[in-house]
Amino acid sequence: MLDRRNFIYGAGAVLASRDLFAAEYDLVVRGGRVLDPSQKLDRVTDVAVKGGKIAAIGPNLVAGKTVDAKGKLVVPGLIDFHMHAGDLKLTPAEVLSTGVTTFLDGGSRGADNLDELVGVAKNANRMRIFINIARLGNNNSAGRGEFLDGLGTADIAKCQAAIERNREYVIGIKARLSRGVALDQDVEVLRRARVVADAVKLPIMIHIGDTFSPLPKLLAMLRPGDIVTHPYAPPPHGIFDDKGKILPEVFAARKRGVLFDFGNGRLEHWTWDLAQSALKQGFAPDMISTDLNLTSRTDQVFDLPTTMSKFLALGMPLHEVVARVTIDPARAMKPLNGLGTLRKGAVADITVLTLTEGSFDFLDNANTVRKGTQKLSTHAVIAGGTLI
């Protein structure tokens, strides 16, 4: 677990001492707008924590410590479904400071170097891993794409063995299928990931955009619970046909249980026009994630609240945005079930957000600016009942 004594959070949370003898709870988040899509809850009230769990939601709750959330949003701890801690410089403490209490690493490491990523996970509040089918992952020291040295790097036996050694932390298999990574071998790379996934009974996440094969061919290899990341990637071979309509195979994949993860990132993963077109055609992502790494922490992406703000700028209602970073990703992966909610008895992961009205510039991967009128930022974080 993260040593929180060494982590200073400076976002302005106000702590007030109260009469400890009268305290019924350990901590109360007081007077905020509590927005919890898992309960269809949206009202100004208090949230109480006791023993690391959500203990009550209601008015005038008493605790030894309080967080003043007046004028703020109080939501379940944010879940970033897809980011990269694999450069080992984007620290768990920094991730936690952005309001993200649970995050998934999307393929930074493979069988040959998974141990160092597991080491990061052990020091995080809650981190889980999609192991890359390529033995060195996508942040390897050689700086090359996973498969440019040949498909021998996609070793089925080594990947499976690495998963079996690290079942506590590995929750899926990642396969990057763009031509810059898999060349013309995307189907074979996915086939090998499929063999591993079926053997260990875990889902696959595929990275699309500029694949050699048309997307319907790849979707046909996916099963319920598998994930497609970067669905708003520009052509060729994205979710749109030549006339800008979403392919029927994409809707069919969703209907049979394939999930779609936004994955902001920095390079050719999405544009405003494609995202807006998809939303107008009724194809919102199942999860909103950052695809964050050290570089994008200070360029385009910044953090999950900023990525959430982009969907507000696209016209998605606030409660839908919050659902896609809380209860929806929690339901998508069995190891996350029970998170993403403020229900009584749930783990007390709580994020307090400031929603600022004004004029804000947001960027897509083409560095095109779109003006937004609302911006989310993190005010306070509670992880497992502890104020950070």
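Using cut-offs of 30° and 60° for the angle between ring planes, the Phe311 and Tyr232 rings count as tilted. Taking the six-membered ring where the residue is Trp, His82 and His84 present perpendicular rings, their angle passing 60° and hence far from 30°.
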Subject >> salt bridge (charged side-chain N to carboxylate O under 4.0 Å, His left out) assessment of Asp361 paired with Lys371 >> reply: CA-CA 5 Å; Asp361 291 346; Lys371 294 284 186 180; 2.7 Å; yes
Original post:
Step by step, would you call Phe360 with Ser309 a side chain to side chain contact (heavy atoms under 4.5 Å, CB included)?
Top reply: CA-CA 10 Å; Phe360 306 97; Ser309 302; over 6 Å; no
Original post:
Under the side chain to side chain contact (heavy atoms under 4.5 Å, CB included) criterion, do Val49 and Ile350 qualify, and how do the steps go?
Top reply: CA-CA 10 Å; Val49 173; Ile350 306 169; 3.8 Å; yes
Original post:
Does the side chain to side chain contact (heavy atoms under 4.5 Å, CB included) test come out yes or no for Arg126 and Asp349, once each step is laid out?
Top reply: CA-CA 10 Å; Arg126 192 179 300 102; Asp349 286 353; 2.7 Å; yes
**OP:** Evaluate the criterion side chain to side chain contact (heavy atoms under 4.5 Å, CB included) for residue pair Arg43 and Ile57; output intermediate values, then yes/no.
**Re:** CA-CA 10 Å; Arg43 69 172 184 265; Ile57 295 179; 4.0 Å; yes
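No donor-acceptor pair closer than 3.5 Å links the side chain of Arg33 to the backbone N or O of Val44. Between the side chain of Arg343 and the main chain of Ser38, a donor-acceptor pair closer than 3.5 Å is present. Although no hydrogens or angles enter the test, the distance criterion places no donor-acceptor pair under 3.5 Å between the side chain of Asp112 and the main chain of Leu136. Of the possible polar contacts, none joining the Asn367 side chain to the Leu363 backbone as a donor-acceptor pair under 3.5 Å is found. Judged by distance alone, with hydrogens and angles left aside, the side-chain atoms of His237 form a donor-acceptor pair with the main-chain N or O of Thr211 at under 3.5 Å. Remark: the backbone N or O of Leu292 is not paired with any side-chain donor or acceptor of Arg266 at under 3.5 angstrom. Side chain of Gln276 to main chain of Leu314: a donor-acceptor pair is present (N/O by atom type, distance under 3.5 Å, no hydrogens or angles). Side chain of Asp364 to main chain of Thr271: no donor-acceptor pair is present (N/O by atom type, distance under 3.5 Å, no hydrogens or angles). The closest donor-acceptor contact from the side chain of Asp36 to the backbone of Leu41 lies at 3.5 Å or more, if one exists at all.
The closest side-chain heavy-atom distance from Asp291 to Thr229 is not below 4.5 Å. Under the 4.5 Å side-chain criterion, counting only non-hydrogen atoms from C-beta, Val34 is not in contact with Gln39. Two residues are said to be in side-chain contact when any heavy atoms from C-beta on lie closer than 4.5 Å; Asn125 and Pro92 fail this criterion. For the pair Ser97 and Ile388, the minimum side-chain heavy-atom distance is 4.5 Å or more. Side-chain contact between Leu78 and Val381 is absent, with no heavy-atom pair separated by less than 4.5 Å. Looking at heavy atoms from C-beta onward, Leu355 lies in side-chain contact with Leu312 at the 4.5 angstrom threshold. In this structure the side chain of Gln185 never reaches within 4.5 angstrom of the side chain of Phe212, judged on heavy atoms. Counting only heavy atoms from C-beta outward, the side chains of Asp186 and Leu190 never approach each other to under 4.5 Å.
In this view, His269 and His207, His230 satisfy the ring pair (Phe, Tyr, Trp, His ring centres under 6.0 Å) rule, not counting sequence neighbours.
Ion pairing between Arg223 and Asp198 holds under the 4.0 Å rule for side-chain N and carboxylate O. Lys65 and Asp26 are not joined by a salt bridge, as no carboxylate oxygen comes within less than 4.0 angstrom of a charged side-chain nitrogen. Contact check on Arg324 versus Asp286 returns no salt bridge, with no Lys/Arg side-chain nitrogen under 4.0 Å from an Asp/Glu carboxylate oxygen. Ion pair Asp68/Arg30 not flagged as a salt bridge, since none of the NZ, NE, NH1 or NH2 atoms sits closer than 4.0 Å to an Asp/Glu carboxylate oxygen.
Separation of atoms OG1 (Thr307) and CD1 (Ile288) is listed at 8.5 Å; rounding is to 0.5 Å. Rounding to the nearest 0.5 Å places CD1 of Ile171 at 8.5 Å from CG of Leu202. To the nearest 0.5 Å, atoms OG (Ser178) and CG (Leu183) are separated by 11.0 Å. Atom CG of Leu104 sits about 11.0 Å away from atom NZ of Lys174, to the nearest 0.5 Å. We find the OG-NZ distance between Ser377 and Lys72 to be 7.0 Å, quoted to the nearest 0.5 Å. Annotation: the span from Asn138 atom CG to Arg109 atom CZ amounts to 8.0 Å, rounded to 0.5 Å.
Residues Met83 and Phe260 are members of one and the same hydrophobic cluster, defined by side-chain heavy-atom contacts under 4.5 angstrom among Ile, Leu, Val, Met, Phe, Trp and Tyr. Under the 4.5 Å side-chain heavy-atom criterion for Ile, Leu, Val, Met, Phe, Trp and Tyr, Phe81 and Val322 are members of distinct hydrophobic clusters. Met316 and Ile246 fall within the same hydrophobic cluster, where Ile, Leu, Val, Met, Phe, Trp and Tyr residues are linked whenever their side-chain heavy atoms come under 4.5 Å apart, directly or through other members. Residue Val67 is grouped with residue Val47 when hydrophobic side chains (ILVMFWY) are merged at heavy-atom distances under 4.5 angstrom, including chains of intermediate members. Val95 is not connected to Leu294 by any chain of hydrophobic side-chain contacts under 4.5 Å among Ile, Leu, Val, Met, Phe, Trp and Tyr, and they are in different clusters.
Between Ala383 and Thr101 the shortest heavy-atom distance is CB-CG2, 4.5 Å. In this structure, Arg192 and Ala154 approach most closely via the heavy-atom pair NH1-O, 3.0 Å. Minimum interatomic distance between Asp46 and Leu61 (heavy atoms only, all atoms of both residues): OD2-N, 3.2 Å. The shortest non-hydrogen separation linking Ala85 to Val120 is CB-CG1, 4.2 Å. Across all non-hydrogen atoms, the minimal contact from Asp261 to Ser289 is OD1-OG, 2.5 Å. Between Val301 and Lys310, the shortest heavy-atom distance links the atoms CA-NZ, 4.4 Å.
Partner Val228 forms a side chain to side chain contact (heavy atoms under 4.5 Å, CB included) with one of Ile204, Ile206, Leu218 and no other, that one being Ile206.
With 3.5 Å as the limit, one finds a donor-acceptor pair spanning the side chains of Asp80 and Thr290.
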Check residues 328-336 and write down every donor-acceptor pair under 3.5 Å in which the side-chain atom is one partner and the other belongs to a residue at least two apart or another chain.
none

Quick one: side chains of residues 156-166, donor-acceptor pairs under 3.5 Å with protein atoms, not counting sequence neighbours, listed by atom name and distance.
| from | atom 1 | to | atom 2 | distance (Å) |
| --- | --- | --- | --- | --- |
| Glu164 | OE1 | Arg167 | NE | 3.3 |
| Asn166 | ND2 | Ala162 | O | 2.9 |

